[in-house]
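Questions regarding the structure given below will be posed in turn.
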Amino acid sequence: MQLCSLAKGALSALLVLAAVPVALGDSDYIETNVHYLRQFNLEPPFVDEGFQMRNFDYGGDAIINTASHIRLTPDAPSRIGWVWSNTPLPNDYWKIEFDFKIGGKGGYLYGDGMGFFVTKERAVSGPVFGNRDYFNGLGVFFDTYANGKHEFSLPFIMGMLGDGKTPYDGSHDGGANRLGMCEAYFRNLKDHSRASVTYLKGKFVQVQIQLQPTDKWTDCFTISNVTLPENPYLGFTALTGDISDNHDLLEVRAETLSAEALKDYNTMPNLPKNIVGKVAGTSFFGFVFKALLLSGVCGGLFVAYKKYSADSARRF
C-alpha cells in the first residue's frame with residue numbers, strides 16, 4: 001500500500017502544479033515581449049530583386065535554390081559551404097529556430113555534417129564542419145560520420161564553446177570539447193528537421209530538436225553558465241570529405257525579448273549539463289496518465305481488500 005500512497009501523492013502534486021501559472025510560461029506575456037529579429041530570418045527566395053542577400057553572405061560551394069533551400073554542400077566529395085550574417089546578434093538573449101535537411105545517396109558511408117555557429121569571427125572556411133578551427137564562441141554540430149568508435153550512435157548533435165585557442169578534437173568527433181550532446185536520427189528523413197538554440201547571457205545555451213512529422217520539441221542538451229563574446233555573428237556551415245551528403249538549410253527564424261521581460265527571465269531549464277541519450281522521452285501528460293492508472297489500480301485493490309475483510313468478518 002506504500003506504493004499507492006506515493007502514487008496518490010505524486011498525482012496530487014502534479015495537479016497542484018498544473019493549476020499554478022508560471023510567470024514566463026504565460027503565452028500572452030511572452031508574445032507581447034518578443035521582438036522578432038527579421039534581419040536574421042532566412043526564407044525563400046532568400047535574395048532580393050538584384051539577386052543579392054541583404055543580411056547574409058554566402059560562399060564556398062553553397063548554392064541558393066530560390067524556390068526552396070540553400071544547399072550548403074551538394075552530395076559530392078570535398079565540398080565546403082557557408083552562410084553568415086553580416087550583422088551581430090544581440091548580446092543578452094536570442095533564440096534561433098531553423099529548418100534543415102541532410103541526406104544523400106550513401107547507404108552506409110556518408111558525411112560529414114553541418115555546423116551552427118555564433119562566434120566573434122565570420123565567413124572563414126575551415127575543417128570544423130566547414131568553419132575555421134580555433135573559433136571563439138558557440139558551435140553546435142550535426143555530425144553524421146564517426147571518426148572513431150563511440151558508445152553512442154550516429155547521427156548525433158553536440159555543443160562546444162570555443163575560446164579562440166583550443167582546437168576542435170576532430171579525430172574523436174569532438175570528444176575533448178563536448179559539453180552536451182544527444183543522439184538524433186535526422187538523416188535521410190522524408191521531411192525536414194527543425195532545431196532550436198536559445199541563449200541567455202551568463203545563464204545557459206539550450207538546444208532542442210524536432211524530427212518531422214511530429215511537432216513536439218525534444219530537449220537535446222543544455223550548457224549552463226555560458227557567456228558568449230560580445231557582438232557575435234550567426235553562421236551555418238557544412239563539409240564533405242571523401243564521402244558526402246546534401247546539407248540543406250530551408251528556413252531560419254530569430255527572436256529576442258524586451259528588456260523588461262529579460263529582468264524576469266531568471267530561470268534556467270531544469271536539464272543536466274551533459275546528456276547522452278536518444279531524442280525520445282515521456283511527456284508530462286504521459287506521466288500523469290501513468291499516475292492515474294496506478295492510482296486506479298491501487299483504488300481497485302483497496303476496494304477488493306475492504307470487501308474481503310467484510311466477508312471474512314461475516315463468516316465469524
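These values consider heavy atoms only, across backbone and side chains, with no hydrogens, waters or symmetry-generated copies.
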**Request:** Check for a donor-acceptor pair, side chain of Asp169 on one end and backbone N or O of Ala176 on the other, with a separation under 3.5 Å.
**Result:**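 Yes, because the side chain of Asp169 sits within donor-acceptor range (under 3.5 Å) of the backbone of Ala176.
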**Asked** In Å, rounded to the nearest 0.5 Å, how long is the span from CG of Asp99 to CG of Leu249?
**Response**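 Asp99 CG to Leu249 CG: 8.5 Å, rounded to 0.5 Å.
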**Message:** Quick one: does any side-chain atom of Thr240 pair with a main-chain N or O of Ser78 as donor and acceptor, under 3.5 Å?
**Reply:**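 Yes; judged by distance alone, with no hydrogens or angles, the pair exists.
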**Item:** Rounded distance [0.5 Å steps], CD in Glu97 versus CD in Glu251
**Value:**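 Between Glu97 CD and Glu251 CD, I get 9.5 Å after rounding to 0.5 Å.
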**Prompt:** Would a 4.5 Å heavy-atom cut-off, applied to side chains only, mark Thr198 and Phe204 as touching?
**Reply:**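 Yes, at least one pair of side-chain atoms sits under 4.5 Å.
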**Request:** Looking only at non-hydrogen atoms, find the nearest pair between Gly50 and Asp48 and report the distance.
**Result:**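 Looks like N-OD1, 2.9 Å.
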**Asked** How many angstroms lie between atom CZ of Phe100 and atom NE2 of His69, to the nearest 0.5 angstrom?
**Response**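 It is 15.0 Å, given to the nearest 0.5 Å.
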**Request:** Is it possible for you to say whether Leu161 and Phe221 belong to one hydrophobic cluster, with membership spreading through side-chain heavy-atom contacts below 4.5 Å?
**Result:**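 In one cluster: yes.
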**Message:** Just verifying a value: how many Å separate Ser196 OG and Ile209 CD1, rounded to the nearest 0.5 Å?
**Reply:**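 Between atom OG of Ser196 and atom CD1 of Ile209 there are 9.5 Å.
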**Prompt:** Cluster question for you: counting only ILVMFWY and a side-chain heavy-atom cut-off of under 4.5 Å, with indirect links fine, are Ile243 and Leu239 together?
**Reply:**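 Result: no, two separate clusters.
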**Asked** How far apart are the C-alpha atoms of Arg79 and Leu72, what are their side-chain angles, what is the distance that settles it, and do they pass the side-chain contact (heavy atoms from CB on, under 4.5 Å) test?
**Response** CA-CA 9 Å; Arg79 303 299 177 93; Leu72 297 172; over 6 Å; no
**Prompt:** Taking side chain as C-beta onward, heavy atoms only, is Phe156 less than 4.5 Å from Arg178?
**Reply:**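 Answer yes - side chains close enough.
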**Message:** Please give me the minimum heavy-atom distance between Tyr36 and Glu255, naming the atom from each residue.
**Reply:**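 Minimum heavy-atom contact is CE2-OE1, 3.7 Å.
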**Message:** I want to check something: taking the side chain as every heavy atom from C-beta on, are Ile63 and Asn65 in contact at a cut-off of under 4.5 Å?
**Reply:**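 They are not in side-chain contact.
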**Request:** Count the heavy atoms of every other residue, nucleotide or ligand shown that sit under 6.0 Å from CG of Asp163, and state whether that count exceeds 12.
**Result:**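 Buried by this count: over 12 neighbours within 6.0 Å.
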**Asked** Quick one: does Asp112's side chain have a donor or acceptor within less than 3.5 Å of a partner on Gly241's backbone?
**Response**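 Checked: pair present.
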**Message:** Quick check: is Phe116 connected to Tyr145 through a chain of hydrophobic side chains (ILVMFWY, heavy atoms under 4.5 Å apart)?
**Reply:**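 No; Phe116 is not reachable from Tyr145 via cluster members.
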**Request:** Report yes if the side chains of Ile157 and Asp143 come closer than 4.5 Å at any heavy-atom pair, otherwise no.
**Result:**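 Heavy-atom side-chain distance check fails, nothing below 4.5 Å.
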**Prompt:** Rounded to the nearest 0.5 Å, how far does SG of Cys220 lie from CD of Glu183?
**Reply:**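 Atom-to-atom, Glu183:CD and Cys220:SG are 10.0 Å apart.
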**Message:** Before you tell me yes or no, could you show the steps for Glu230 and Lys201 under side-chain contact (heavy atoms from CB on, under 4.5 Å), namely the whole-Å CA-CA distance, both residues' side-chain angles and the distance that decides it to 0.1 Å?
**Reply:** CA-CA 10 Å; Glu230 297 288 298; Lys201 183 178 180 180; 3.2 Å; yes
**Request:** Step by step, work out the side chain to side chain donor-acceptor pair (under 3.5 Å) result for His247 and Thr73.
**Result:** CA-CA 5 Å; His247 297 90; Thr73 72; 2.7 Å; yes
**Request:** Determine whether Leu250 and Lys101 make a side-chain contact, defined as any pair of heavy atoms from C-beta on separated by less than 4.5 Å.
**Result:**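 Side chain of Leu250 against side chain of Lys101, heavy atoms only: contact under 4.5 Å found.
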**Prompt:** Looking at CZ of Arg122 and CZ of Phe56, how far apart are the two atoms once the value is rounded to the nearest 0.5 Å?
**Reply:**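 So the CZ of Arg122 and the CZ of Phe56 are separated by 10.0 Å.
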**Message:** Between Asn41 (side chain only) and Ala254 (backbone N and O only), is there a donor and an acceptor less than 3.5 Å apart?
**Reply:**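 At least one qualifying donor-acceptor pair exists.
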**Ile70 with Phe51, same ILVMFWY side-chain cluster at under 4.5 Å** =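 Per the 4.5 Å side-chain linkage, Ile70 and Phe51 are co-clustered.
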Below 3.5 Å, can you tabulate the donor-acceptor pairs from side chains in residues 124-138 to any protein atom, sequence neighbours excluded?
| from | atom 1 | to | atom 2 | distance (Å) |
| --- | --- | --- | --- | --- |
| Ser125 | OG | Trp82 | NE1 | 3.1 |
| Arg132 | NH2 | Tyr134 | O | 3.2 |
| Asp133 | OD1 | Tyr168 | N | 2.9 |

**Asked** Does one hydrophobic cluster hold both Trp217 and Val207, with members joined at side-chain heavy-atom distances below 4.5 Å?
**Response**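 Result: no, two separate clusters.
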**Message:** If you compare all heavy atoms of Tyr233 against all heavy atoms of Lys120, which two are closest, and at what distance to 0.1 Å?
**Reply:**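 For Tyr233 and Lys120, the tightest heavy-atom pair comes out as CD1-O, 3.7 Å.
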**Item:** cation_pi(Arg253, Phe98) dist<6.0 Å, angle<=45
**Value:**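 No, a cation-pi geometry is absent between Arg253 and Phe98.
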**Request:** Might you work through the side-chain contact (heavy atoms from CB on, under 4.5 Å) test for Leu42 and Met53, ending with a clear yes or no?
**Result:** CA-CA 9 Å; Leu42 282 172; Met53 298 186 80; 3.5 Å; yes
**Asked** Backbone N or O of Ala76 within a donor-acceptor pair of the Ser244 side chain at under 3.5 Å?
**Response**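 The answer is yes, because a donor-acceptor pair under 3.5 Å joins these two groups.
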**Request:** Sort out for me which residue in Val197, Leu228, Val205 forms a side-chain contact (heavy atoms from CB on, under 4.5 Å) with Val118.
**Result:**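 The residue from Val197, Leu228, Val205 that satisfies side-chain contact (heavy atoms from CB on, under 4.5 Å) with Val118 turns out to be Leu228.
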**Asked** How close do Ser193 and Leu211 get, heavy atom to heavy atom, and via which atoms?
**Response**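 Minimum heavy-atom separation between Ser193 and Leu211: OG-CD2, 3.6 Å.
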**Prompt:** If we only count heavy atoms from C-beta on, is the Tyr199 to Ile96 side-chain gap below 4.5 Å?
**Reply:**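 Counting from C-beta outward, Tyr199 and Ile96 never come under 4.5 Å.
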**Request:** Dump the intermediate steps for side-chain contact (heavy atoms from CB on, under 4.5 Å) on Leu257 and Trp94, then the final yes or no.
**Result:** CA-CA 7 Å; Leu257 290 176; Trp94 46 258; over 6 Å; no
**Heavy-atom closest contact (Arg187 atom, Tyr185 atom, distance)** =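 Smallest interatomic distance, heavy atoms only, reads O-CE2, 3.3 Å.
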**Item:** Considering all heavy atoms, the nearest Thr237-Met114 contact
**Value:**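 Shortest heavy-atom contact: O-CG, 3.1 Å.
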**Close side-chain approach of Asn246 and Arg71, heavy atoms under 4.5 Å** =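 Yes, side chains in contact.
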**Message:** Donor-acceptor check, side chain of Asn55 to backbone of Phe40, threshold 3.5 angstrom: yes or no?
**Reply:**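 No.
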**Request:** Please tell me if the side chains of Phe236 and Phe117 come closer than 4.5 Å, counting only heavy atoms from C-beta onward.
**Result:**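 No, every pair of side-chain atoms sits at 4.5 Å or beyond.
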**Request:** Indicate whether the side chain of Asp173 and that of Asn147 have a donor and an acceptor atom separated by less than 3.5 Å.
**Result:**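 Result is yes, a qualifying pair exists.
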